Amino acid sequence: MSLTIYGIAASRAVRPLWAATELGLDFVHVPLRYQEGATRSAPFRALNPNGHIPVLVDARPEGDVVLWESMACTLYLARHHGRPDGVGISPATPAEDAQALRWSFWTVSELEKDALTVLMHRRAMPEAERKPELAAAAEKRLAVPLAVLEGELQAAQARGHAWLAGERFTVADLCVASVLAWAMPARELLAAHPRSAEWLQRCLARPAQQAMRALAREPGISSYQKQ
Ligand SMILES: N[C@@H](CCC(=O)N[C@@H](CS)C(=O)NCC(=O)O)C(=O)O
């Protein structure tokens, strides 16, 4: 095994896990939790001094590549463990690579914080601790990037494309969908952006994404073999 991904699937680790599964890679999954300070141990901090999951370790003949930051891990897998064949999720052209870079940076800067607020204050936190007014404010702000996504999907569809970077699902779609999924409790917001809502459902219906949901329920270290 040359690839190890640290981090439970119910975290930002889902992004590289989903990518590795889409790519059909063999990898070891170490489902390290972020709760109770598990990521703050000295051995783990030697991998990621930030004390966060995910971490990707790629044992290569020339030495280990240790990578943190979920979007970087995801793009790295597509670039260095996928084939630029125009079939899989890896960018096959500079234009597709540009889309992957653009959408992943856009996701962390324009979408992630408010989508997480929606998730936490509409669904994830104990009901007594939720602050619906924080979720409502986040949803109002999210209308701005969602209008952008809606417009881009509309333009893509006018060109006969069903996905963000072209005619097939790519890592660009994966990066955005993995975060927009957090905003699913904001039903009215998504209903107001029907192309984005429909595209998100298509992303989440993919077999590799379904496998992620099963993975989120598994407690132990797992190895995944290519079919
Ligand atoms: N920007 C980082 C954020 C990583 C992050 O905050 N991960 C959370 C889990 S989703 C974590 O490890 N939290 C543990 C902690 O902060 O103690 C990334 O995208 O990888």
Side-chain angles (χ1 to χ4, degrees), residues 3-23 25 27-58 64-81 89 100-126 129-130 134-135 138 141-142 145 170-186 203-204 208-209 211-219 221-222:
L3 269 181
T4 305
I5 299 173
Y6 293 83
I8 50 170
S11 78
R12 289 171 175 88
V14 75
R15 302 165 192 175
L17 287 168
W18 184 4
T21 307
E22 289 279 358
L23 290 163
L25 303 178
F27 64 98
V28 172
H29 177 216
V30 182
L32 189 76
R33 290 162 58 83
Y34 59 87
Q35 297 92 338
E36 301 103 29
T39 58
R40 304 298 169 122
S41 69
F44 188 75
R45 275 183 181 278
L47 291 175
N48 183 356
N50 297 291
H52 296 324
I53 49 172
V55 170
L56 174 76
V57 181
D58 184 8
D64 286 2
V65 173
V66 179
L67 188 56
W68 31 267
E69 282 300 322
S70 57
M71 291 299 183
C73 298
T74 304
L75 294 173
Y76 174 90
L77 285 175
R79 191 174 285 183
H80 296 286
H81 287 270
I89 68 164
L101 292 168
R102 188 248 298 272
W103 283 112
S104 56
F105 279 68
W106 178 85
T107 299
V108 289
S109 59
E110 306 287 336
L111 213 57
E112 186 175 52
K113 188 166 179 275
D114 286 324
L116 185 57
T117 300
V118 171
L119 179 71
M120 298 310 286
H121 290 279
R122 293 267 186 235
R123 184 178 290 168
M125 286 165 65
E129 292 169 33
R130 292 181 204 165
L134 292 184
R141 287 190 297 271
L142 280 170
T170 67
V171 68
D173 299 284
L174 189 157
C175 289
V176 181
S178 63
V179 174
L180 189 57
W182 288 353
M184 281 175 68
C203 293
L204 299 181
Q209 166 60 211
M212 288 305 95
R213 293 177 192 199
L215 191 56
R217 295 190 288 272
E218 281 177 22
I221 294 176
S222 316

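Only heavy atoms go into these numbers, but all of them, side chains included; no hydrogens, no water, no symmetry mates. Keep in mind the model is a prediction, meaning the values are calculated, not measured. When a ligand or atom number is given, it counts from 1 through the structure's own listing order.
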Do you know the tightest heavy-atom contact between Arg213 and Leu204? NH2-CB, 3.5 Å
Which atom pairs, nitrogen or oxygen on both sides, join ligand 1 and the protein at under 3.5 angstrom?
{"from": "ligand 1", "atom 1": "1 (N)", "to": "Glu69", "atom 2": "OE1", "distance (Å)": "2.8"}
{"from": "ligand 1", "atom 1": "1 (N)", "to": "Glu69", "atom 2": "OE2", "distance (Å)": "3.2"}
{"from": "ligand 1", "atom 1": "6 (O)", "to": "Arg12", "atom 2": "NH1", "distance (Å)": "3.3"}
{"from": "ligand 1", "atom 1": "7 (N)", "to": "Ile53", "atom 2": "O", "distance (Å)": "2.8"}
{"from": "ligand 1", "atom 1": "12 (O)", "to": "Ile53", "atom 2": "N", "distance (Å)": "2.8"}
{"from": "ligand 1", "atom 1": "16 (O)", "to": "Arg40", "atom 2": "NH2", "distance (Å)": "2.7"}
{"from": "ligand 1", "atom 1": "16 (O)", "to": "His52", "atom 2": "ND1", "distance (Å)": "3.0"}
{"from": "ligand 1", "atom 1": "17 (O)", "to": "Arg40", "atom 2": "NE", "distance (Å)": "3.0"}
{"from": "ligand 1", "atom 1": "17 (O)", "to": "Arg40", "atom 2": "NH2", "distance (Å)": "2.6"}
{"from": "ligand 1", "atom 1": "19 (O)", "to": "Ser70", "atom 2": "N", "distance (Å)": "3.4"}
{"from": "ligand 1", "atom 1": "19 (O)", "to": "Ser70", "atom 2": "OG", "distance (Å)": "2.7"}
{"from": "ligand 1", "atom 1": "20 (O)", "to": "Ser70", "atom 2": "N", "distance (Å)": "2.8"}

Mind checking what makes side chain to side chain contact (heavy atoms under 4.5 Å, CB included) contact with His52, not counting sequence neighbours? Arg40, Asn48, Asn50
Any side-chain heavy atom of Arg15 sitting closer than 4.5 Å to one from Val179? yes
In chain order, what residues pass the ring-ring contact (aromatic ring centres under 6.0 Å, His included) check against Trp106, with sequence neighbours excluded? Trp103
Can you tell whether the side chains of Glu69 and Arg12 come within less than 4.0 Å, N to carboxylate O? no
Can you name the residues that form a side-chain hydrogen bond (donor to acceptor under 3.5 Å, both in side chains) with Arg130, not counting sequence neighbours? none
